[in-house]
Amino acid sequence: DAEITQSPRHKITETGRQVTLACHQTWNHNNMFWYRQDLGHGLRLIHYSYGVQDTNKGEVSDGYSVSRSNTEDLPLTLESAASSQTSVYFCASSLSGAMGTDTQYFGPGTRLTVL
Amino acid sequence: KNQVEQSPQSLIILEGKNCTLQCNYTVSPFSNLRWYKQDTGRGPVSLTIMTFSENTKSNGRYTATLDADTKQSSLHITASQLSDSASYICVVNPHTGTASKLTFGTGTRLQVTL
């Protein structure tokens, strides 16, 4: 069955370290998204991609970067981790198009703690 | 700024009872409104989607309603089960219709008890 996976599921790191969170989907979806989820906030978009070699900044992109070298993967990198980036991170994918009508399928999440 | 507000923040009900969750939004115009269910420690899963022209949409024991005039949506859960314990998130897609402009509510946390 097609799925979307994230790794690691839990990560503890120190301030200033570079961290990369992996996202892999087997749906063959063109669109991929990274969100963060914090108490008191709805899911907030970090970065997104509508296809290979395409990446775009979302609402809360400062301190994060992504690259899309193939259809299946969109890794999220925290260049220099900060305590404010302690959060639960979700990757999502949807079929294609930028209209937002396609269902986004979410991964299980990565809980990141920055000490 | 487009906003989506959900109420109540949390709710506890007995198994077998019905409940209704509310979503008020300021996004206007909008393309569609979706309800997601998020189990603890898992990612959100889509329950229903309604366009601006639809009034109701059902998925088993879940029924979503939409009043575009008052900018309100509700999710009604019938004959609740323990497995309904989760957070329910309302998501609005603006009329500009970009997948990157989805506005997520903060969710209602539902607990179903014996």
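Quick caveat: nothing in here was measured; it's all calculated off a predicted structure. Every chain is numbered from 1 and lettered A, B, ... according to where its sequence line falls, protein lines coming before strand lines.
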K.L.:
Pick one of side chain, backbone, both or neither for A/Gln37, based on which atoms fall under 4.5 Å of a heavy atom in chain B.
P.N.:
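Interface part for A/Gln37: side chain.
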K.L.:
Please identify each residue that fulfils side chain to side chain donor-acceptor pair (under 3.5 Å) with B/Trp35, with sequence neighbours left out.
P.N.:
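For B/Trp35, the residues satisfying side chain to side chain donor-acceptor pair (under 3.5 Å) (neighbours in sequence not counted) are B/Ser73.
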K.L.:
Would you say A/Tyr50 and A/Asn56 are linked by a side-chain donor-acceptor pair, where the criterion is simply a distance under 3.5 Å?
P.N.:
no
K.L.:
Judged by atom type as modelled, is there a donor-acceptor pair below 3.5 Å linking the side chain of A/Arg9 to the main-chain atoms of A/Pro108?
P.N.:
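At least one qualifying donor-acceptor pair exists.
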K.L.:
Tell me, out of B/Gly43, B/Pro44, B/Cys90, who's got the most heavy-atom pairs with chain A below 4.5 Å.
P.N.:
B/Pro44
K.L.:
Can you say whether B/Gln38 sits under 4.5 Å from chain A via the side chain, the backbone, both, or neither, judging by heavy atoms?
P.N.:
side chain
K.L.:
Would you say A/Tyr35 and A/Tyr64 are hydrophobically clustered, going by side-chain heavy atoms of ILVMFWY under 4.5 Å?
P.N.:
no
K.L.:
So for A/Arg44, is it side chain, backbone, both, or neither that comes closer than 4.5 Å to the heavy atoms of chain B?
P.N.:
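A/Arg44 has no heavy atom closer than 4.5 Å to chain B.
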